Participant: 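The structure follows.
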Amino acid sequence: MKVSMTVNGRLVEGDVEGRTLLSGFLRDQLSLTGTHVGCDTAQCGACVVHVDGVAVKSCNMLALEADGAEVGTIEGQAHADGSLSVIQQAFQDHHGLQCGFCTPGMVMSAAALLKDNPRPTEAEVRKYLEGNLCRCTGYHNIVKAIMAASGQDVSHIAAE
Amino acid sequence: MRLGALPPDPRDIYSQMKGGSAPFGKEDEMYSFDFEKPSSIADAVAALGAEDAQALGGGQTLIPTLKQRLAAPSVLVSLSGIAEMRGVCVEDDGALVIGGATPHAIVAAEAAGSYPALAALAGQIGDPAVRNRGTIGGSVANNDPAACYPAGVLGSGATIVTNTRQVAADDFFEGMFATVLEEGEIITSVRFPVPQAASYQKFLQPASRFALVGVYVARFADGVRVAVTGASEDGVFRWTEAEAALNKEFRPDALTGLSINPANMIADLHGSKAYRAHLVSVMTKRAVMASL
Ligand SMILES: Cc1cc2nc3c(=O)[nH]c(=O)nc-3n(C[C@H](O)[C@H](O)[C@H](O)COP(=O)(O)OP(=O)(O)OC[C@H]3O[C@@H](n4cnc5c(N)ncnc54)[C@H](O)[C@@H]3O)c2cc1C
Ligand code: FES
Ligand code: FES
């Protein structure tokens with residue numbers, strides 16, 4: 001079946017099956033492999049993308065459900081000149097990643113959070129990330145990076 | 001840098017065993033199906049008339065189920081494009097009506113003023129991404145024994161509205177994963193009378209994000225309702241002894257000495273029958289406390 005959607009501002013079309021997942025369409029057909037598939041069971045959040053402005057787990061949504069939608073992926077986060085977005089830069093500055101596998105999903109979730117809640121508390125950040133698992137960092141620096149990206153002073157947050 | 005010999009990729013082993021189809025991480029895990037996205041209830045009902053057709057809400061339960069090959073529908077009929085099934089509104093008599101295809105996140109945001117306890121329940125389901133897709137109709141139709149909405153629906157004495165009839169919550173749930181819904185019948189909305197006070201207390205099972213035990217207490221002018229999820233082998237249920245005690249006196253202390261028989265409770269690695277029975281009492285008291 002034909003599907004078309006706007007991905008990171010660009011209109012794309014493809015031919016998919018009913019069962020093709022949005023994550024599969026992005027990765028296999030559009031070669032946007034920044035969207036990671038960790039668990040493929042809606043648990044880990046590595047595959048989080050934005051669909052019409054809200055965060056969704058792309059491993060748990062059919063590509064055809066996104067027909068006509070505005071989709072945002074990690075590839076669309078950096079500025080046009082290739083420099084990192086504020087959130088991405090904060091992850092780098094505050095060591096918010098180690099292996100980096102969870103990072104695309106973390107950044108996309110963080111972007112969704114900060115859009116709705118530009119100055120979240122630390123507790124709100126932790127709560128919002130409940131569906132994003134990281135096996136490396138222990139989360140502290142991820143939370144710190146997101147707080148910093150929201151323009152808040154993070155000097156008091158210990159790098160545990 | 002060159003790495004030493006890597007261990008074989010399990011996908012390759014599987015492909016060899018099965019003659020080529022690797023079940024990991026790809027859509028070929030799911031059996032193939034057609035997809036339709038009607039824009040009206042009438043068209044959805046017509047499409048669901050096809051043999052082995054199945055409704056697709058937010059897919060947050062159904063897609064994982066399909067990946068495990070526990071279902072093989074011929075066609076999935078998406079309900080997400082039906083405008084008349086989305087949204088939240090308050091009727092003239094004060095009842096809150098939620099469209100069957102309304103995602104949890106919309107209920108959490110838009111019912112916060114009219115029915116705060118129910119909005120809070122919706123805002124505790126899963127995680128933000130799950131709440132942006134999962135719908136009330138899918139949750140109620142699925143009747144997972146640990147799901148949150150069934151407790152809110154039964155605890156509120158809500159009415160489930162389908163394309164063919166209206167069913168009182170007391171008559172709707174028929175045990176774990178079972179409801180009175182007929183094949184091809186869809187939940188178009190759920191209608192909630194709004195109580196004077198209510199609270200949902202969820203004891204989180206942190207791995208699944210579902211309720212290990214969840215209790216919904218609602219106090220209406222004509223009586224108190226207590227609905228329990230996550231605890232019983234028979235799915236969501238009303239704790240009538242607690243209701244009777246709370247009708248006499250709406251205070252946590254009114255529950256002192258009351259206990260649930262653990263015989264019918266769920267036992268798994270997260271909690272024994274006795275533990276769940278104990279949690280029911282504790283969470284009910286907390287819900288009463290929060291509704292005072
Ligand atoms: C990580 C994760 C955490 C979760 N945590 C929780 C939690 O804490 N609490 C909780 O309650 N749930 C939780 N859920 C489940 C979630 O709420 C699901 O969204 C919900 O159970 C199913 O809704 P859905 O719209 O996704 O339905 P689907 O998955 O699309 O469908 C489920 C079933 O309902 C049927 N169906 C769908 N819509 C309708 C309708 N309108 N009328 C009739 N039948 C319909 C489908 O045919 C299918 O059989 C979680 C899910 C995930 C993935
Ligand atoms: S890959 Fe989608 S949630 Fe883990
Ligand atoms: S940095 Fe490795 S999983 Fe998060």
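None of these values were measured; they are calculated from a predicted model. Within every chain, numbering begins at 1; the chains are lettered A, B, ... in the order of the sequence lines, protein sequences first and strands thereafter.
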Participant: If the threshold is 4.0 Å, N to carboxylate O, is there a salt bridge linking E29(B) and R19(A)?
Facilitator: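 Result for this pair is no, no salt bridge flagged.
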Participant: Could you tell me which portion of R131(B) (side chain, backbone, both or neither) has an atom closer than 4.5 angstrom to a non-hydrogen atom of chain A?
Facilitator: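 Contact with chain A: none, neither part.
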Participant: Quick one: OG on S80(B) to CD on E65(A), what's the gap to the nearest 0.5 Å?
Facilitator: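 CD of E65(A) is found 3.5 Å from OG of S80(B).
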Participant: Could you tell me which portion of A105(B) (side chain, backbone, both or neither) has an atom closer than 4.5 angstrom to a non-hydrogen atom of chain A?
Facilitator: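 No part of A105(B) comes within 4.5 Å of chain A.
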Participant: Report the distance from atom NZ of K37(B) to atom CG of L64(A), rounding to the nearest 0.5 Å.
Facilitator: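 Separation between the atoms: 9.0 Å.
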Participant: May I ask you to name which of C59(A), G131(A), S109(A), A55(A) has the most heavy-atom pairs under 4.5 Å with chain B?
Facilitator: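 Highest number of pairs under 4.5 Å: A55(A).
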Participant: If only atom types and distance count, is the side chain of N132(B) paired as donor or acceptor with the main-chain N or O of V56(A) below 3.5 Å?
Facilitator: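 Not at all, since once roles are kept as given, no pair shorter than 3.5 Å links the two residues.
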Participant: For chain A, which residues of residues 118-128 of chain B have at least one non-hydrogen atom nearer than 4.5 Å to it?
Facilitator: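 Counting heavy atoms that sit under 4.5 Å from chain A, the residues of residues 118-128 of chain B involved are G126(B), D127(B), P128(B).
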Participant: Quick one: what part of Q43(A) sits under 4.5 Å from any heavy atom of chain B, side chain, backbone, both or neither?
Facilitator: side chain
Participant: Can you find a heavy atom in the side chain of R133(B) that is under 4.5 Å from one in the side chain of N60(A)?
Facilitator: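 Of all side-chain heavy-atom pairs linking N60(A) with R133(B), none is under 4.5 Å.
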Participant: Does any backbone or side-chain atom of M61(A) lie under 4.5 Å from a heavy atom of chain B? Answer side chain, backbone, both or neither.
Facilitator: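 Contact with chain B: backbone and side chain both.
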Participant: Can you tell me which portion of C39(A) sits under 4.5 Å from chain B's heavy atoms? Options are side chain, backbone, both or neither.
Facilitator: neither
Participant: Less than 4.0 Å between a side-chain N and a carboxylate O, is that true for D40(A) and K67(B)?
Facilitator: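 Counted as a salt bridge, because a side-chain N and a carboxylate O are separated by less than 4.0 Å.
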Participant: For M289(B), look at atom CE and say whether over 12 heavy atoms of other residues, nucleotides or ligands are found less than 6.0 Å away.
Facilitator: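 No.
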Participant: Is F33(B) close to L62(A) at the side-chain level, that is, under 4.5 Å between some pair of heavy atoms?
Facilitator: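 Yes, their side chains come closer than 4.5 Å.
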